[in-house]
Amino acid sequence: MNDSPGWATPGSSPSDDERPGTDGGAQQPTPPAQPAQPAQPAGDPKWSAEQPPPGQWSSPGTTPEAPQTAQTPQQPTTGWGQQPGTPQAGQYGSQYGYQGGPGQWGQPPAAKPGVIPLRPLGLGEILDGAIATMRTHWRAVLPITLVVATVVQVISVIVQKIMLDDFAISADPDAGPEELIDSIGSSLGASAVIQFIQALGTIVVTALLTMVFSRAVLGQHSSVSDAWREARPQLLRLIGLTLLMALGAVLLGAVLVLPGILTDTVGLAVLGFVLWLPLLVWLGVKFSLASPALMLEKSTVFKAFARSSKLVKDTWWRIFGITVLTTIIAGFISAMIVVPFQILGVFAFGGGLDALADGDSTGMTNWGALIAPAIGLIIAQTIVMPFQSGVTVLLYVDQRIRREGLDLELARAAGLENYGTTGG
C-alpha cells in the first residue's frame with residue numbers, strides 16, 4: 001500500500017459494485033476448458049519460476065489451438081497479471097504488439113485501454129502517446145490550442161505594432177529626452193503585456209490539455225466543454241503555481257546576481273549568473289510535474305510542488321533528458337514552420353534584404369511584416385503546445401506507475417476488472 005493520492009479524473013473511479021472482489025461474479029473460477037489441454041506435463045500444471053514462457057503470452061481461453069501456451073506466467077514483482085475470464089484479456093497482446101517468440105524473453109503484454117500501455121513507459125512510448133493523443137483526439141486538442149494561440153498572437157501583433165512605433169520615435173535623432181523616456185517606458189510595458197498574455201495562454205492550454213490527456217490514457221474521449229468543466233476549479237491555483245515559479249526564479253536571480261551588479265563587481269556578477277542558470281534548470285526539472293499533479297490530484301499549490309519533488313526524486317536525469325529532447329523537437333518543428341513565414345514577411349512587406357542591409361527597419365513595422373510571422377507562430381503553437389503538454393502529463397503518469405502502481409488504478413478506472421490479480 002502507499003499513501004499517494006488516487007486518480008482524480010472525474011468519472012474515472014469505479015463504483016463499489018464495479019470494484020473487483022465486491023461482486024460475486026467479478027472473480028471467476030478457473031475456466032472449465034483447462035482440463036481439456038492435451039499433453040499436460042506431469043506435476044504442477046503451472047509455470048515454475050525458473051521456466052521461460054514458450055511463445056507468446058496470452059490469456060487462458062483465447063488460443064484454443066495451442067492450449068499449452070494459455071497460461072500466463074505470474075509476475076510477482078509488478079502485478080501485471082491477467083485474471084482468467086477477464087473480458088478484455090484477449091485484447092492485451094494485440095494492443096501491445098508483443099513480439100516475443102518461442103524461447104525468447106520479452107516484456108509481458110499490458111492492457112492498453114488508451115494511448116499508452118499500463119506499465120512503465122519508455123521514451124518512445126511517451127513521445128508516441130503524446131502524438132497519438134493529438135491524432136486520435138484532435139477534435140478536442142485542435143480547438144483548444146488553435147483558439148488560444150490565435151488570441152495570443154492577435155494581441156501580440158497589436159502590442160508589437162505599438163511598441164515598434166514608439167521605438168521608431170526613440171530612434172529619431174530630433175526626439176527630446178521626455179519623448180525618449182516615454183517611448184522606452186511604452187516599449188517595456190508592451191513587452192510585459194506580451195509576456196503576460198503568452199503566459200496566461202500557456203496556462204489555459206496546459207490546464208485544458210491535461211484533462212484531455214488524462215482521459216486519453218483511459219481510452220475516453222473528451223470535448224472542449226468537458227475539459228473546461230474539469231479544469232476550471234483548478235485554474236486559479238495553476239495560475240498561482242506558475243506565478244510562484246516565475247517569482248522564485250526572479251528572486252533567486254536577484255539574490256545571486258544583484259550583489260555583483262550593485263557593487264559594480266563584474267566577477268561576482270558573472271559568478272552569480274553561472275550559479276543561477278544550473279539552479280534554475282535543477283529546480284525547473286524538480287518541479288516539472290507540479291502542474292499535472294495539481295490538476296489531476298486536485299491538490300493545492302504547495303502540495304503539488306511536494307508531489308513533483310517526490311516523483312522526480314532519484315530520476316532527475318531521466319526526466320531532464322526527456323524534457324530537453326522534447327524541447328529540441330518542439331523547437332525544430334517550430335523553426336521549420338515559422339521561418340518561411342518570417343522570410344515571407346521580410347521580402348513581401350519589409351523591403352527585402354536591401355532594406356535590412358541599409359538598416360531601414362521602417363518596413364518591418366507595417367502590419368504585413370508583423371502578421372506573416374504571427375500566422376506561422378499560430379500554426380507552430382497549435383502543434384507544439386499539445387505535444388509538450390502531453391509529454392509532461394505522460395511523464396507524470398509514468399512516474400506514478402513506477403513508484404505507486406498507478407497502472408492498477410488506471411485499469412480499474414478504465415473498466416478492466418481483475419486486472420493485475422493472479423488466478424488460483
Side-chain angles (χ1 to χ4, degrees), residues 1-2 4-7 9 12-14 20 47 49 52-53 55-60 62 69 71-84 86-101 104-133 136 213-220 289 292-293 296 310-315 318-319 321-322 390-423:
M1 301 294 292
N2 58 71
S4 61
W7 186 255
T9 304
S12 63
S13 300
W47 292 103
Q56 293 186 347
W57 296 359
S58 59
S59 179
T62 59
T69 63
Q71 292 184 352
T72 303
Q74 186 176 353
Q75 301 294 320
T77 58
T78 60
W80 299 335
Q82 295 176 18
Q83 181 75 7
T86 303
Q88 294 84 1
Q91 303 173 3
Y92 294 171
S94 62
Q95 289 176 336
Y96 175 55
Y98 176 64
Q99 300 297 327
Q104 296 180 1
W105 289 97
Q107 199 156 22
K112 189 178 179 182
V115 295
I116 58 170
L118 300 184
R119 56 168 172 75
L121 304 175
L123 170 61
E125 290 168 328
I126 291 175
L127 300 179
D128 180 71
I131 297 173
T133 303
T136 306
F213 276 90
S214 68
R215 285 183 172 269
V217 170
L218 302 176
Q220 302 173 358
L289 304 183
L296 297 178
K310 179 181 178 181
L311 293 173
V312 174
K313 184 179 179 181
D314 299 328
T315 57
R318 177 176 180 269
I319 296 177
I322 295 175
V391 170
T392 302
V393 173
L394 295 182
L395 267 176
Y396 163 82
V397 174
D398 174 58
Q399 288 301 109
R400 288 199 61 185
I401 289 176
R402 292 172 182 269
R403 293 179 177 271
E404 303 167 355
L406 183 65
D407 53 329
L408 303 180
E409 193 171 345
L410 291 175
R412 289 191 293 269
L416 305 180
E417 297 183 0
N418 301 325
Y419 180 76
T421 61
T422 56

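Because only heavy atoms are used, hydrogens play no part in the values below, and waters and symmetry mates are left out as well, while side chains stay in. Everything quoted here is computed from the prediction, not taken from an experiment.
Taking all atoms of both residues into account, the shortest heavy-atom contact from L395 to L289 is CB-CD2, 4.1 Å. When all heavy atoms of F213 and G129 are compared, the closest pair comes out as CE2-O, 4.4 Å. Shortest non-hydrogen contact noted between L394 and L121 is O-CD1, 4.2 Å. Nearest heavy atoms, I401 versus P120: CG2-N, 3.6 Å. Taking both residues in full, the closest heavy atoms of Q220 and A413 are given as NE2-O, 4.1 Å, listed atom of the first, atom of the second, then distance.
Considering CG of L123 and CD of E125, their distance stands at 9.5 Å, rounded to 0.5 Å. Note that CZ of R119 is 10.0 Å distant from CG of D398, once rounded to the nearest 0.5 Å. Rounded to the nearest 0.5 Å, atoms CD1 (I131) and OG1 (T136) are 11.0 Å apart. Note: L127 CG to I322 CD1 = 7.5 Å, rounded to the nearest 0.5 Å. Distance CG/L410 to CZ/R400: 8.0 Å, rounded to 0.5 Å.
In summary, R402 and D314 do not engage in a salt bridge, as defined by a charged side-chain N under 4.0 Å from a carboxylate O.
Scanning for side chain to side chain donor-acceptor pair (under 3.5 Å) contacts around T315 gives Q399, with sequence neighbours left out.
Of the residues V312, T392, L311, the one that meets the side chain to side chain contact (heavy atoms under 4.5 Å, CB included) test with I319 is V312.
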